[in-house]
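Everything on this sheet refers to the single structure shown next.
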Amino acid sequence: MDKIEVNKLFKDGAMQMTLRRTTFDRLQIRPQVNYRGRTQDEVFFQKQDGNNIEFEVVRRMDFEPEGVFEITAVYTVRRALADEYANQEIDFREYLRTLTAGEFNMLCGNVFSAMSLIIAQLTQASNGLPMISPPVYCGVAAKTEQQ
């Protein structure tokens with residue numbers, strides 16, 4: 001089967017986003033250490049329930065070397081399949097491996113913007129300065145490619 005375009009696979013507007021959990025651990029800051037922030041996103045297939053597909057979207061932010069804070073935000077995204085794909089067998093775990101960054105943004109809607117906002121709010125409440133993470137998909141390969 002050829003790759004199905006994300007914008008054709010799902011019904012328009014039929015998306016639910018639910019915040020599952022956030023964790024925010026403040027870590028020790030060592031003087032005269034230069035910290036480099038990292039943002040990493042992962043999208044996991046959770047389940048298919050009839051025409052509905054559920055994905056878990058995880059954003060992690062931390063620093064290299066370890067310090068300052070570690071933060072994780074987890075959302076569930078639920079989408080309804082377009083009628084033409086409702087009865088087809090699609091391996092969604094494999095499908096996710098084929099997506100580009102832009103396609104993840106289409107798949108997950110504005111969940112990355114919601115994650116950016118909640119991380120900014122949590123970090124602002126912690127030290128008065130919000131840490132703004134990108135409001136778009138930051139793939140898991142992003143941190144290893146830059147090293």
Side-chain angles (χ1 to χ4, degrees), residues 1-27 35-147:
M1 173 193 277
D2 291 332
K3 182 176 169 182
I4 305 167
E5 293 179 42
V6 175
N7 60 345
K8 295 180 181 177
L9 182 58
F10 298 101
K11 290 183 179 179
D12 288 335
M15 181 186 308
Q16 295 176 311
M17 287 183 350
T18 306
L19 175 62
R20 303 288 295 186
R21 71 181 175 279
T22 59
T23 59
F24 181 37
D25 297 319
R26 292 182 71 178
L27 304 174
Y35 292 97
R36 186 173 134 227
R38 299 184 295 189
T39 302
Q40 174 178 298
D41 295 327
E42 293 183 88
V43 180
F44 302 97
F45 170 73
Q46 290 297 301
K47 67 180 178 178
Q48 182 172 359
D49 179 15
N51 292 354
N52 295 303
I53 307 297
E54 202 169 278
F55 300 97
E56 182 176 79
V57 184
V58 180
R59 172 162 287 183
R60 291 181 184 88
M61 288 184 68
D62 62 6
F63 289 85
E64 179 68 35
E66 183 179 274
V68 188
F69 67 80
E70 293 176 351
I71 196 164
T72 303
V74 180
Y75 274 80
T76 298
V77 174
R78 189 172 173 88
R79 306 267 328 243
L81 287 171
D83 294 336
E84 68 182 281
Y85 297 107
N87 296 318
Q88 291 188 21
E89 290 201 23
I90 300 170
D91 182 348
F92 282 98
R93 284 181 180 84
E94 182 59 35
Y95 182 73
L96 289 175
R97 286 189 252 283
T98 69
L99 297 182
T100 65
E103 290 169 328
F104 275 113
N105 290 321
M106 283 192 287
L107 173 73
C108 298
N110 65 352
V111 75
F112 299 111
S113 294
M115 290 175 155
S116 180
L117 177 60
I118 200 160
I119 289 169
Q121 290 173 326
L122 289 171
T123 54
Q124 182 179 24
S126 171
N127 67 5
L129 297 172
M131 180 80 162
I132 309 297
S133 64
V136 294
Y137 175 76
C138 299
V140 294
K143 78 174 188 180
T144 55
E145 288 177 1
Q146 294 175 0
Q147 291 179 346

Partner set under side chain to side chain contact (heavy atoms under 4.5 Å, CB included) for [X], not counting sequence neighbours:
{"X": "L96", "value": "V43, F45, F55, L99, F104, L107"}
{"X": "V58", "value": "F44, E56, R60, T72, V74"}
{"X": "N52", "value": "R78, A80"}
{"X": "A120", "value": "P130, I132"}

ask   = Of all residues at least two apart in sequence or in a different chain, which pass the salt bridge (Lys or Arg N to Asp or Glu O under 4.0 Å) check with E84?
value =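 Result, salt bridge (Lys or Arg N to Asp or Glu O under 4.0 Å) vs E84: none returned.
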Residues that R97 engages under salt bridge (Lys or Arg N to Asp or Glu O under 4.0 Å), provided they are two or more places apart =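 R97 satisfies salt bridge (Lys or Arg N to Asp or Glu O under 4.0 Å) with E94 only.
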ask   = Any side-chain heavy atom of T76 within less than 4.5 Å of one from Q46?
value = no
query = Heavy atoms, side chains only, cut-off 4.5 Å: are T100 and Y137 in contact?
reply =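 No, side chains not in contact.
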message = Would you say CG of D91 has more than 12 non-hydrogen atoms from neighbouring residues, nucleotides or ligands within 6.0 angstrom?
response = yes
From [X] [atom1] over to [Y] [atom2], what is the distance, rounded to the nearest 0.5 angstrom?
{"X": "M115", "Y": "D41", "atom1": "CE", "atom2": "CG", "result": "6.5 Å"}
{"X": "T123", "Y": "I71", "atom1": "OG1", "atom2": "CD1", "result": "6.0 Å"}
{"X": "F92", "Y": "L9", "atom1": "CZ", "atom2": "CG", "result": "5.0 Å"}
{"X": "R79", "Y": "I53", "atom1": "CZ", "atom2": "CD1", "result": "10.5 Å"}

Under the salt bridge (charged side-chain N to carboxylate O under 4.0 Å, His left out) definition, can you give me all pairs with a residue in [range], not counting sequence neighbours?
{"range": "residues 127-136", "result": "none"}
{"range": "residues 100-117", "result": "K3-E103"}
{"range": "residues 105-131", "result": "none"}
{"range": "residues 123-135", "result": "none"}

How far apart are the closest heavy atoms of [X] and [Y], and which atoms are they?
{"X": "F69", "Y": "M131", "answer": "CZ-CG, 4.0 Å"}
{"X": "S116", "Y": "P135", "answer": "CB-CA, 4.1 Å"}
{"X": "N51", "Y": "A86", "answer": "OD1-CB, 3.2 Å"}
{"X": "A114", "Y": "Y75", "answer": "CB-OH, 3.6 Å"}
{"X": "K8", "Y": "Y85", "answer": "O-CE1, 3.4 Å"}

message = Please enumerate all residues that pass side chain to side chain donor-acceptor pair (under 3.5 Å) together with S133, with sequence neighbours excluded.
response = R59
For residues 11-27, dump all side-chain donor-acceptor pairs below 3.5 Å to protein atoms at least two apart in sequence or in another chain.
| from | atom 1 | to | atom 2 | distance (Å) |
| --- | --- | --- | --- | --- |
| K11 | NZ | D83 | OD1 | 3.4 |
| R26 | NE | S126 | OG | 3.2 |
| R26 | NH1 | S126 | OG | 3.4 |

